[in-house]
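Here is the structure we will look at.
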Amino acid sequence: MAENIISQPEESKGLNFVEQIVADDLKAGKNGGRLNTRFPPEPNGYLHIGHAKAICMDFGVAEKFGGTCNLRFDDTNPVKEDVEYVDSIREDIHWLGFDWGDREYYASDYFPQLFDLAVRLIKEGKAYVDDQSSEEIAAQKGTPTVPGVNSPYRDRSVEENLDLFTRMNAGEFPEGSHVLRAKIDMASSNMHFRDPIMYRIIHHPHHRTGNRWHVYPMYDFAHGQSDYFEGVTHSICTLEFVPHRPLYDYFVDELADESYRPRQIEFNRLNLTYTVMSKRKLLQLVKEGLVAGWDDPRMPTISGMRRRGFTPLSIRNFIDTIGYTKYEALNSVALLEYAVREDLNRIATRGMAVLDPVKVVITNYPEGQSEMVEMENNPENPADGSHEMPFSREIYIERDDFMENPPKKYFRLAPDAEVRLKGAYIIKCTGVKKDVDGRVEEIYCTYDPDTRSGLPGSQRKVKGTLHWVAADTAVDATVRLYDRLFNVENPAAETERDFREMLNPDSLRIVEGVKVEPFLARSASQGAKFQFQRIGYFTPDYDSTPDNLIFNRTIALKDSWEKAQKK
RNA sequence: UGCCUUGUGGUGUAAUGGUAGCACGUCGGAUUCUGGUUCCGCCUGUGAGGGUUCGAAUCCUUCCAAGGCAACCA
């Protein structure tokens, strides 16, 4: 047990309800004034944004009051678990900025003590071995409104129960043939009290204990006791465990006394609009190869978001914003995106890339000539300095940034119109060349040499400013555009069909001039069934580009433009 | 028709018997070497009824609504 005695919290305002409970317990001197939480993932998948909320709570409350937080892998079901997941979980928690020090534990470490407790309960007549099938047991359980009936094996002798349980663990029986149940109350209004199963037989090897055990404890018979063995004082979990709490307390009663007892507290889990959060479905995506892996940038996993360009701070700020309550909220994804934009806008190094290029020839710029222009790295923070970009006679701009017949209030390039090329010159469109299909192939412009950025002539104002890259030095990179998985029509859609339709990876070609970093734009492709939002979602092809290649603004401009058009 | 949990603007969250505030969002305006960013402004709320109280989002009560609980998952 840890020896983290903490000082009394002086102020109780500004606390969420969990922190308030913790503060009250500390004030009352419970558990000798110790505070110890735990984050208990089952290593059966990668952590997602929902887990990030739990991590921020478990580690955050410990940090706030000077307590400690354990990392405990809840590995009581060897069939689903794997060391690959253990490793990823460690990495993701660290990435979020939390540390469990040397307090890394496993529920499987407590198998011997749990087994001993089970034996004790058998001897005290509080547990029995049931030989029925899961179907029979389920049928006897009744329904929430109809009481259950007792198992015919409920009153077996202690000797027989002991013998059977021992042989269950010795591997003498096939899976499903026997279970160990707690003898409580088959008529309880709480379904979890209707003789819950404590142990089941599993012959699948465990990722840590191998074939040592043939019986494995169920969650309800493992969690509270594990908390107790570890010295956990506050076991914070999500709302779906509320009905389990009486059972948690029931088993803890067998161990705890006045001086120390762990306490379960529940908060609301994270729901995000348009976002699939079910571990089962995420696993299905991975298994069926519909995504490149758990860390595919389209996934709502922590590792996926990391690859998408999200920052740990933005995720933590977001979680801070949505808070912890007992109300099952559906949080707007706009809140998350705001947090990401907010942080990225502050720290991201800007660069330019053209996603859908069209060539512009500056006819009065000398052939073969080129020059370097200066671009600031981050307008939000001049201390970040600047970098140089080559400018020459032929450049690329976005196809969207030119219109042959522009409506009023179109501030970008059009015949006879002037725009500024960001960081370079003001240019004027003098003509276009089209292919046989009437598609614009090249745009011809003249530039005004006096208007180079930084020169006195640069004071001249034009309405539009465009990003660009020099054609001869541009790097041609294939970049996949990863859009978040979601369905515009139904914020909560998770049906199988919708689910699959969400998964059409879009491929885009990008021509880049400089190295760039996470971008800050977003957009919506109008009229599409599936709306695509693009906040830092551009990720280079995994193998082709070592650095994050991200573009920043055009798409947002287009989005605003579409909105402006409606007026 | 059992037990448990929860209802504050469009969304989320504060107010812990004493002025219903904040953020996102929406809409409008200013600034801008990108229409982004930044700044300013507007908008909308205590599920319903009854009670206690000088005073109720908060306490009591009835009703209404939403969610959870019947895995050999966690």
Side-chain angles (χ1 to χ4, degrees), chain A residues 12-17 20 40-42 44 74-77 79-80 107 130 133-134 137-139 141-148 175-181 188-192 194 197-202 215-216 218-220 222-223 237 239-246 266 268 273 279-280 318 320-339 341 345-346 375-376 379-380 398 401 409-412 419-424 426 451 453-454 458 461-467 519-522 552-561 563-564:
Chain A
S12 67
K13 288 278 183 181
L15 302 180
N16 64 46
F17 82 100
Q20 187 63 58
E42 183 187 16
N44 67 347
D74 223 344
D75 54 351
T76 57
N77 186 357
V79 179
K80 292 171 145 189
D130 198 328
S133 68
S134 60
I137 291 174
K141 209 156 217 169
T143 71
T145 54
V146 178
E175 291 186 8
S177 60
H178 302 270
V179 289
L180 183 70
R181 301 176 74 181
S188 173
S189 58
N190 184 340
M191 294 298 290
H192 297 283
R194 323 252 262 221
I197 290 169
M198 295 160 59
Y199 271 95
R200 76 284 211 195
I201 298 170
I202 298 176
V215 292
Y216 289 87
M218 299 286 290
Y219 168 86
D220 284 313
H223 206 91
C237 60
L239 247 24
E240 67 267 28
F241 290 100
V242 168
H244 293 251
R245 194 191 329 136
E266 312 86 9
N268 60 341
T273 53
K279 233 185 192 179
R280 203 202 102 239
F318 163 67
D320 209 45
T321 301
I322 61 172
Y324 297 88
T325 68
K326 302 190 79 153
Y327 173 67
E328 289 190 52
L330 178 59
N331 296 277
S332 168
V333 77
L335 249 18
L336 206 211
E337 295 176 338
Y338 171 79
R341 267 181 281 132
N345 188 48
R346 211 185 73 244
M375 308 286 293
E376 51 189 345
E380 305 295 312
E398 297 289 347
D401 284 343
K409 287 194 174 176
Y410 183 82
F411 302 145
R412 288 171 271 169
V419 294
R420 168 166 295 283
L421 294 173
K422 185 166 176 64
I426 292 175
T451 58
S453 295
S458 70
K461 300 289 182 198
V462 288
K463 284 272 184 141
T465 302
L466 306 183
H467 59 277
F519 82 109
L520 307 164
R522 65 180 191 152
N552 81 357
R553 265 163 212 165
T554 312
I555 295 173
L557 304 189
K558 195 169 103 190
D559 191 27
S560 302
W561 166 242
K563 259 197 315 200

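Note that the structure is a prediction, hence the values are computed from the model and not measured. So you know, we letter chains A, B, ... as the sequences are listed, proteins then strands, and number each from 1.
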**Item:** Residues in ring-ring contact (aromatic ring centres under 6.0 Å, His included) contact with A:Tyr324, at least two apart in sequence or another chain
**Value:** A:Phe267
**Message:** For the C1' atoms, the ones on B:C69 and on B:C73, what distance do you get once it is rounded to whole angstrom?
**Reply:** 15 Å
**Fill in**
By side chain to side chain donor-acceptor pair (under 3.5 Å), A:Asn331 pairs with (sequence neighbours left out) none
**Request:** Sequence neighbours left out, what passes salt bridge (Lys or Arg N to Asp or Glu O under 4.0 Å) with A:Glu240? Give chain and number order.
**Result:** A:Arg269
**Message:** Regarding A:Lys326 and A:Asn268, do their side chains bring together a donor and an acceptor under 3.5 Å, going by distance alone?
**Reply:** no
**Message:** Could you write out RNA chain B as dot-bracket? Rules: Watson-Crick or G-U wobble, both distances under 3.5 Å, brackets [ ] for crossings, | for pairs with another strand, dot for unpaired.
**Reply:** .((((((..((((....[..))))(.((((.......)))).)...(((((..]....))))))))))).....
**Request:** Could you check A:Lys279 against A:Asn44 for side-chain contact (heavy atoms from CB on, under 4.5 Å), going step by step and ending with a plain yes or no?
**Result:** CA-CA 9 Å; A:Lys279 233 185 192 179; A:Asn44 67 347; 2.6 Å; yes
**Asked** So what does A:Gly423 touch, heavy atoms closer than 4.0 Å: a base, only the sugar-phosphate, or nothing?
**Response** base
If you restrict it to nitrogen or oxygen atoms, what contacts under 3.5 Å exist between nucleotides 70-74 of chain B and the protein, and what is each distance?
| residue | atom | partner | partner atom | Å |
| --- | --- | --- | --- | --- |
| B:C72 | N4 | A:Gln132 | O | 3.0 |
| B:C72 | N4 | A:Ser134 | N | 3.3 |
| B:C72 | N4 | A:Gly176 | O | 2.9 |
| B:C73 | OP2 | A:Arg200 | NE | 3.1 |
| B:C73 | OP2 | A:Arg200 | NH2 | 2.9 |
| B:C73 | O3' | A:Arg200 | NH2 | 3.1 |
| B:C73 | O2' | A:Asn77 | ND2 | 3.4 |
| B:C73 | O2' | A:Lys80 | NZ | 3.1 |
| B:A74 | OP1 | A:Thr76 | OG1 | 2.6 |
| B:A74 | OP1 | A:Arg200 | NH1 | 3.4 |
| B:A74 | OP1 | A:Arg200 | NH2 | 2.8 |
| B:A74 | OP2 | A:Tyr219 | N | 2.9 |
| B:A74 | O3' | A:Asp74 | OD2 | 3.1 |
| B:A74 | N6 | A:His244 | NE2 | 3.0 |

**Prompt:** With rounding to whole Å, what would you report as the distance between B:U32 and B:U38 at their C1' atoms?
**Reply:** 9 Å
So which protein nitrogen or oxygen atoms get under 3.5 Å of nucleotides 38-43 of chain B's nitrogens or oxygens?
none

**Prompt:** What distance, rounded to whole Å, do you find between the two P atoms, one in B:U52 and one in B:C60?
**Reply:** 15 Å
**Prompt:** With distance as the sole test, does A:Arg412 use its side chain to make a donor-acceptor pair with the main-chain N or O of A:Thr465 at under 3.5 Å?
**Reply:** no
**Request:** Provide the distance between the two P atoms, one in B:U8 and one in B:A57, to the nearest whole Å.
**Result:** 15 Å
**Complete:** salt bridge (Lys or Arg N to Asp or Glu O under 4.0 Å) filter on A:Arg181, not counting sequence neighbours, yields A:Asp130
**Prompt:** On a whole-Å scale, what distance lies between the C1' atoms belonging to B:G21 and B:U44?
**Reply:** 15 Å
**Message:** Going by the rule side chain to side chain donor-acceptor pair (under 3.5 Å), which residues pair with A:His244 if we only count those two or more places apart in sequence or in a different chain?
**Reply:** A:Asp220
**Request:** Would you give a per-nucleotide map of nucleotides 5-14 of chain B, 5' to 3', where B means the base has a protein non-hydrogen atom under 4.0 Å away, S means only the sugar-phosphate does, and - means neither?
**Result:** SS----SSSS
**Message:** Between B:C63 and B:A74, how far apart are the two P atoms, rounded to whole Å?
**Reply:** 39 Å
**Message:** Rounded to whole Å, please give me the gap between CG in A:Leu336 and C1' in B:A23.
**Reply:** 14 Å
**Prompt:** What are the two closest non-hydrogen atoms of A:Glu42 and A:Asp74, and how far apart are they?
**Reply:** CG-O, 3.4 Å
**Prompt:** Short question: side chain of A:Thr143, backbone of A:Val146 - any donor-acceptor pair under 3.5 Å?
**Reply:** yes
**Prompt:** Taking side chain as C-beta onward, heavy atoms only, is A:Arg200 less than 4.5 Å from A:Asn77?
**Reply:** yes
**Message:** Can you measure A:Asn190 atom CG to B:C4 atom C1' for me and round it to whole angstrom units?
**Reply:** 8 Å
**Item:** Contacts of A:Ser177 that satisfy side chain to side chain donor-acceptor pair (under 3.5 Å) - sequence neighbours left out
**Value:** none
**Request:** Under 4.0 Å between any heavy atoms, over every strand shown, what does A:Lys461 touch: base, sugar-phosphate, or nothing? Just pick one.
**Result:** sugar-phosphate
**Request:** Quick one: list whatever passes salt bridge (Lys or Arg N to Asp or Glu O under 4.0 Å) with A:Arg245, sequence neighbours left out.
**Result:** A:Glu266
**Item:** Whole-angstrom distance between B:C59 and B:U6, as gauged at atom P
**Value:** 11 Å
**B:U26 to B:G12 separation - C1' atoms, rounded to the nearest Å** = 16 Å
**Message:** Under the rule for side chain to side chain donor-acceptor pair (under 3.5 Å), what residues qualify as partners of A:Arg420, not counting sequence neighbours?
**Reply:** A:Ser453
